[in-house]
Amino acid sequence: MSKALDMSKSLNEGAIMLPDYSVNGWEWNMIVQSGSFDLNKKLSDYSDEELEQLLYAKARKVEMDFAGKAVNITVEGIIEKFTNKYIKQDVKTKSERTQRAVAPYISEGPCSSCRGARLSQAALSCRINGLNIAMMSSMEVGQLIRVIREIDDPVAAPVVKSLTERLQHLVDIGLDYLTLDRETDTLSGGESQRVKMVKHLSGSLVDVTYIFDEPSVGLHPRDVHRLNGLLQKLRDKGNTVIVVEHDPDVIKLADHIVDVGPHAGSRGGTVVYEGSFQGLLEAGTLTGTHMKRPLQLKHDCRQPSGKLSIKDATLHNLRNVSVDIPTGVLTVVTGVAGSGKSTLINEIFLSQHPDAIVIDQSAVGVSTRSNPATYTGIMDDVRKAFASANKVNQGLFSFNSKGACENCQGLGVVYTDLAFLDSVKLPCEVCGGRRFKEEVLAYKLNGKSIAEVLEMTVEQALDFFQLKEVVRKLQAMSDVGLNYITLGQPLSTLSGGECQRIKLASELHKKGSIYVMDEPTTGLHMSDIGHLLGIMNRLVDAGNTVIVIEHNLDVISQADWIIDMGPDGGSKGGQVVFEGLPSQIIHAEQSITGRYLM
């Protein structure tokens with residue numbers, strides 16, 4: 001409550017510190033016009049009844065003066081309103097700006113009645129072999145499966161058989177460290193995908209076509225063979241399994257390989273090879289060429305300029321972990337899934353270094369109005385160039401402003417509501433999906449309209465523009481392997497790996513910073529990983545500290561310093577099993593990663 005209210009102040013002096021209640025703001029005015037409170041009286045002088053009314057009053061209608069008219073407005077206590085708006089609703093669905101604004105006023109804790117189990121006391125009082133359902137759900141899968149097998153009641157035999165089979169699939173795919181009560185939104189992309197695979201493995205469907213999109217994401221090389229085993233089981237049950245994948249170990253497993261290329265974007269879209277794995281190695285395609293390249297460990301490692309220390313970290317499965325992260329070098333934090341590397345860096349390290357630049361795979365925008373040109377700031381310079389060339393207002397070249405097609409309001413599409421059916425999205429009949437008014441499209445820059453510029457790929461735009469700042473930003477996007485995306489492509493259509501790379505492109509110009517990257521090779525072909533390593537090295541050479549959470553052996557082998565977490569996942573992990581140079585890890589007995597670098 002002390003964060004929400006300053007009891008030494010009156011309402012006129014800004015006693016309410018919650019967002020939306022600034023003096024003379026809309027919410028503040030609603031309290032004022034309710035006529036229930038003395039605006040000059042300090043909150044510390046309010047009676048219990050007055051405070052109860054201010055904080056917890058239930059919603060009621062109050063007549064207010066709005067632009068000279070009497071309007072009925074719903075008014076409720078400030079804590080009541082905050083609770084209904086941000087706590088009872090999922091605050092994660094709000095904008096990032098809103099989440100940041102309300103975060104200081106929300107803290108979570110276990111329910112005092114069920115202690116986080118979310119079940120009634122009647123349900124929790126039911127036990128099997130001394131354990132209730134919440135106790136079992138909080139066990140790691142590897143431990144739970146042993147407990148379930150000990151249930152010998154004949155009545156439960158069919159359930160025990162089915163449950164142990166499903167739990168065994170989770171163990172087989174390397175998820176034995178998960179607990180059944182873990183919230184699904186805390187799972188990584190790779191973990192989520194493997195849980196979906198287990199769901200289908202437990203079914204009895206045959207003659208079904210399964211399509212997996214990069215199922216090896218988030219998997220340590222040790223666990224890829226487990227994934228391969230599950231893919232083969234699905235196939236052997238009589239199904240067709242199609243896998244979109246970059247991982248060499250998954251590609252080797254395939255009965256039939258289709259290689260698409262030869263490059264990306266407008267230089268791709270062709271089947272350059274199809275056939276067996278051995279044939280791929282001899283085909284001379286980018287994929288085949290990189291499959292044949294041997295792994296080489298980095299020997300000429302940079303010397304660190306200092307260190308950033310983590311002391312006695314104990315969050316989640318970390319066991320009093322103390323480790324030094326060297327500065328001024330490229331550090332890779334690796335380890336099997338669930339070993340604690342994300343907890344160590346994304347939670348412990350970042351809480352100590354909040355100024356670090358985080359390049360992760362979270363969405364950069366969910367709005368169809370956001371695109372690579374607006375996100376990187378290219379669009380501002382493009383609008384100025386069009387306005388200058390045509391001697392008109394630059395607002396005309398924004399589909400969110402004066403230049404927007406009036407029929408679709410600059411969306412390019414029109415949504416039609418079909419009552420009880422899903423709404424239908426169709427290209428705008430007036431602008432043809434180009435988003436701008438016809439008069440705006442008549443203005444040209446070097447022979448191209450603003451719509452034609454937004455349809456260009458990054459590669460095409462690099463050839464088209466001469467503006468120094470635009471070329472710099474386009475080159476950064478090209479450097480991170482995004483040559484093929486168009487400037488006007490909605491950000492909501494980008495994959496996790498593409499989101500990560502466009503964030504990286506927008507941050508490349510900074511110096512003297514700490515960069516934290518979470519599996520940046522996601523979605524990258526083997527031939528692009530070399531480009532990514534080049535960017536990382538460029539950042540380090542510019543005086544930055546780069547910390548990468550990664551499973552990819554090419555990236556691990558080229559680190560200046562390696563921190564390997566383990567020895568396994570879940571309760572069997574949470575320790576630093578190795579820290580040192582790439583040439584040293586292959587001799588570390590406890591390091592699973594070291595065995596795959598040999």
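Here, residue 1 is the first one in the sequence, and each next residue gets the next number.
- Under a 3.5 Å cut-off, the side chain of D6 and the backbone N or O of A15 do not form any donor-acceptor pair.
- Shown here is K425, whose NZ atom has no more than 12 heavy atoms of other residues, nucleotides or ligands within 6.0 Å.
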Donor-acceptor pairs under 3.5 Å, side chain of residues 143-157 to any protein atom, not counting sequence neighbours: which ones?
residue, atom, partner, partner atom, Å
R146, NH1, G142, O, 3.0
R149, NH2, Q168, OE1, 3.1
D153, OD1, V155, N, 2.9

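- Between the OG1 atom in T83 and the CD atom in Q89 there is a gap of 11.5 Å [rounded to 0.5 Å].
- The distance from atom CG of L491 to atom CG of L494, rounded to the nearest 0.5 Å, is 5.5 Å.
- Using a cutoff of 4.0 Å between basic side-chain nitrogens and carboxylate oxygens, E76 and K58 are not scored as salt-bridged.
- Shortest non-hydrogen contact noted between S138 and M135 is OG-O, 2.9 Å.
- Looking only at distances, a side-chain donor or acceptor of Q500 sits under 3.5 Å from a matching main-chain atom of D518.
- The side chain to side chain donor-acceptor pair (under 3.5 Å) test applied to D324 returns S309, not counting sequence neighbours.
- A donor-acceptor pair is defined here as one N or O able to donate and one able to accept, closer than 3.5 Å; such a pair exists between the side chain of S322 and the backbone of D312.
- Checked by atom type and distance alone, the side chain of T334 pairs as donor or acceptor with a backbone atom of E550 at under 3.5 Å.
- Proximity of a side-chain donor or acceptor of T374 to a complementary backbone N or O of S370 within less than 3.5 Å is not detected.
- To the nearest 0.5 Å, the span separating OG on S216 from CG on L227 amounts to 7.0 Å.
- A donor-acceptor pair is defined here as one N or O able to donate and one able to accept, closer than 3.5 Å; such a pair exists between the side chain of W28 and the backbone of L11.
- Interatomic distance, K307 NZ to T545 OG1, rounded to the nearest 0.5 Å: 14.5 Å.
- Proximity of I78 to Y56: side-chain heavy atoms (C-beta onward) are nowhere separated by under 4.5 Å.
- Using a distance-only test at 3.5 Å, with no hydrogens or angles considered, a donor-acceptor pair links the side chain of E214 to the main chain of G523.
- By the 4.0 Å N-to-carboxylate-O rule, K42 lies too far from D45 to be salt-bridged with it.
- Between H551 and H220, the angle of the ring planes goes over 60°, which puts this pair in the perpendicular group of the 30/60° scheme.
- Environment of CG in N72: crowded, with over 12 heavy atoms of neighbouring residues, nucleotides or ligands closer than 6.0 Å.
- You'll find the side chain of I357 stays beyond 4.5 Å of the side chain of V516, heavy atoms only.
- Annotation: the span from F37 atom CZ to Y46 atom OH amounts to 6.5 Å, rounded to 0.5 Å.
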**Request:** Using the side chain to side chain contact (heavy atoms under 4.5 Å, CB included) rule, take I563 and T331 through it: C-alpha gap first, then chi angles, then the decisive distance, then the call.
**Result:** CA-CA 7 Å; I563 297 171; T331 298; 4.1 Å; yes
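- Here D172 does not pair with R194 in a salt bridge; the nearest charged N to carboxylate O distance is not below 4.0 Å.
- A donor-acceptor pair under 3.5 Å is absent between the side-chain atoms of Y210 and the main chain of V243, judged by distance alone.
- Atom OH of Y515 is separated from atom CG of L504 by 7.5 Å, given to the nearest 0.5 angstrom.
- Proximity of a side-chain donor or acceptor of N239 to a complementary backbone N or O of R235 within less than 3.5 Å is not detected.
- The existence of a salt bridge linking K503 and D360 is confirmed by a sub-4.0 Å separation between a basic side-chain nitrogen and an acidic carboxylate oxygen.
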**Message:** If you apply the rule salt bridge (Lys or Arg N to Asp or Glu O under 4.0 Å), what do you find for R226 with D223, and how did you get there?
**Reply:** CA-CA 5 Å; R226 295 176 174 178; D223 297 317; 3.4 Å; yes
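- For Q121, the CD atom is densely surrounded, since the number of other residues' heavy atoms within 6.0 Å is greater than 12.
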**Request:** Would you sort out whether E27 and I31 count as a side chain to side chain contact (heavy atoms under 4.5 Å, CB included), showing the intermediate values?
**Result:** CA-CA 7 Å; E27 298 289 356; I31 293 174; 6.0 Å; no
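- When each of L315, I310, L350, I549 is tested with L344 by the rule side chain to side chain contact (heavy atoms under 4.5 Å, CB included), just one qualifies, namely I310.
- Side chain of Q575 to backbone of V577: no donor-acceptor contact under 3.5 angstrom is found.
- Residue L308 places its CG atom among more than 12 non-hydrogen atoms of other residues, nucleotides or ligands, all under 6.0 Å distant.
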**Prompt:** Does the side chain to side chain contact (heavy atoms under 4.5 Å, CB included) test come out yes or no for T179 and M139, once each step is laid out?
**Reply:** CA-CA 5 Å; T179 60; M139 290 180 179; 5.9 Å; no
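- Stacking of K572 on the aromatic ring of Y177 is not recorded, the 6.0 Å distance cut-off and the 45° axial limit not both being met.
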**Request:** For side-chain hydrogen bond (donor to acceptor under 3.5 Å, both in side chains), just list the numbers for D564 and S591, CA-CA rounded to whole Å, side-chain angles, deciding distance to a tenth of an Å, and then say yes or no.
**Result:** CA-CA 7 Å; D564 193 17; S591 172; 2.5 Å; yes
**Message:** One pair to check against side chain to side chain contact (heavy atoms under 4.5 Å, CB included): L43 and K9. What are the steps and the verdict?
**Reply:** CA-CA 6 Å; L43 295 194; K9 293 182 178 179; over 6 Å; no
